[in-house]
Amino acid sequence: MHELTIESLTTLILDVPLTRPHKFATTSMVAQPLLLVRVRTAGGVTGYGEGVVPGGPWWGGESVETMRAIVERYLAPVALGRRVDEIPGLMRHFERVVSGAHFAKAAVDVALHDAWARSLGVPVHTLLGGAYRDGIEVTWALGSAPVPEIIAEAEHKLASNLNHSFKLKMGALDPADDVARVLAVTEALRGRAGVRVDINARWDRLTALRWLPQLAAGGVELIEQPTPREQIEVLAELNHLLPVPIMADESVQSPHDALEVVRQRAADVIAVKTTKCGGLARSRDVVAIARAAGLSCHAATSIEGPIGTAASIHFACTQPGIDFGSELFGPLLFAEELLIEPLRYADGRVALPTGPGLGVELNPDAVAAFTRD
Ligand code: MG
């Protein structure tokens with residue numbers, strides 16, 4: 001049997017507590033569930049991937065529980081006995097067995113890359129064509145506490161030189177209150193840090209037409225996914241109307257989605273998540289389409305733990321087209337460190353790990369402490 005042959009593909013669900021509650025438009029979480037996918041080769045190498053969605057199935061229909069079932073019942077039988085260097089063929093075979101389920105497929109894709117790179121003794125970014133940069137800027141997502149606490153959190157991040165740009169989630173409150181809250185934070189940070197907002201597709205067209213111009217006039221520098229995923233023409237209307245960039249997130253979950261956003265000039269920036277795009281190759285296709293059309297790309301997060309974040313850092317650092325920074329802050333929101341050596345955040349950016357595979361090592365005690373079952 002060849003040493004790259006996949007001998008086992010198993011999963012583990014972790015629940016990792018956060019430093020503070022993290023609020024989205026329709027839910028709030030105090031712990032982030034993670035699905036760890038473990039690939040073991042005949043050569044004795046283990047690779048990890050992470051299946052993670054932001055706090056539950058509200059974003060895209062997948063959760064750690066659905067991902068576990070898809071991976072164990074349907075994807076693992078396809079992979080067993082094949083080799084970790086057959087990734088394009090395996091991903092194609094996965095498409096034949098399971099439609100959609102991109103977060104689950106991405107977790108397996110990353111585990112295969114990690115195991116293959118470790119088997120060769122090279123970093124994952126080498127498999128992806130080589131590093132273009134050695135780190136990437138990180139925007140921080142502020143919480144949903146009262147305004148003075150949010151400003152204090154931003155001031156702390158600025159003072160410790162951790163982040164120079166901030167994102168606020170919107171869509172959970174009445175729009176008038178939501179806009180007043182965001183403008184108060186933007187005003188407090190004016191001239192010192194950029195503020196952007198993510199509405200997570202919660203506003204309808206008329207709400208967006210009424211309130212987005214006020215956010216732009218108040219100094220908000222970028223508006224992420226204000227309106228529903230499938231309404232590309234509404235996103236295009238808003239993008240043509242507003243003096244600040246629109247970023248598409250929910251609207252772009254595949255290369256074809258990216259093509260549609262390009263056709264309608266519906267956004268200036270595309271949020272690329274290796275998770276939602278279904279792995280590294282499809283993410284690369286999204287970036288290629290954006291780049292050919294002159295659109296920027298942002299390395300976005302679904303609040304990944306250290307494995308998923310490391311995978312996204314490797315990806316982002318190999319792509320010149322990811323020219324709009326990142327929000328790869330996931331591990332900083334976790335109250336507990338899962339790695340033996342944490343990812344390195346400093347000077348407003350996160351460094352590209354350099355060791356074999358993803359370049360990070362899980363601490364088995366920490367993993368055991370947060371394993372659900
Ligand atoms: Mg988003």
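Both ligands and their constituent atoms are indexed starting at 1 by order of listing. Any value given below was found using the heavy atoms of this structure, including those in side chains, with hydrogens, waters and symmetry copies removed.
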Exercise. Salt bridge (charged side-chain N to carboxylate O under 4.0 Å, His left out) with Asp257: which residues, sequence neighbours excluded?
Worked result: Arg229
Exercise. Which residue, Ser283, Pro54, Ser302, forms the side chain to side chain contact (heavy atoms under 4.5 Å, CB included) with Thr275?
Worked result: Ser302
Seminar exercise, completed: Interatomic distance, CE@Met1 vs CZ@Arg83, rounded to 0.5 Å, equals 12.0 Å
For this session: Indicate yes or no: does Arg181 engage Asp177 in a salt bridge with an N to O separation below 4.0 Å.
Result: no
Problem set entry | Metal site the Mg ion (ligand 1), protein N/O/S atoms found under 2.8 Å | 3
Exercise. Using the ring of each side chain (for Trp, its six-membered ring), is His314 parallel, tilted or perpendicular to His125, with breaks at 30° and 60°?
Worked result: parallel
Exercise. Are Glu361 and Arg118 close enough for a salt bridge, meaning some N to O gap below 4.0 Å?
Worked result: yes
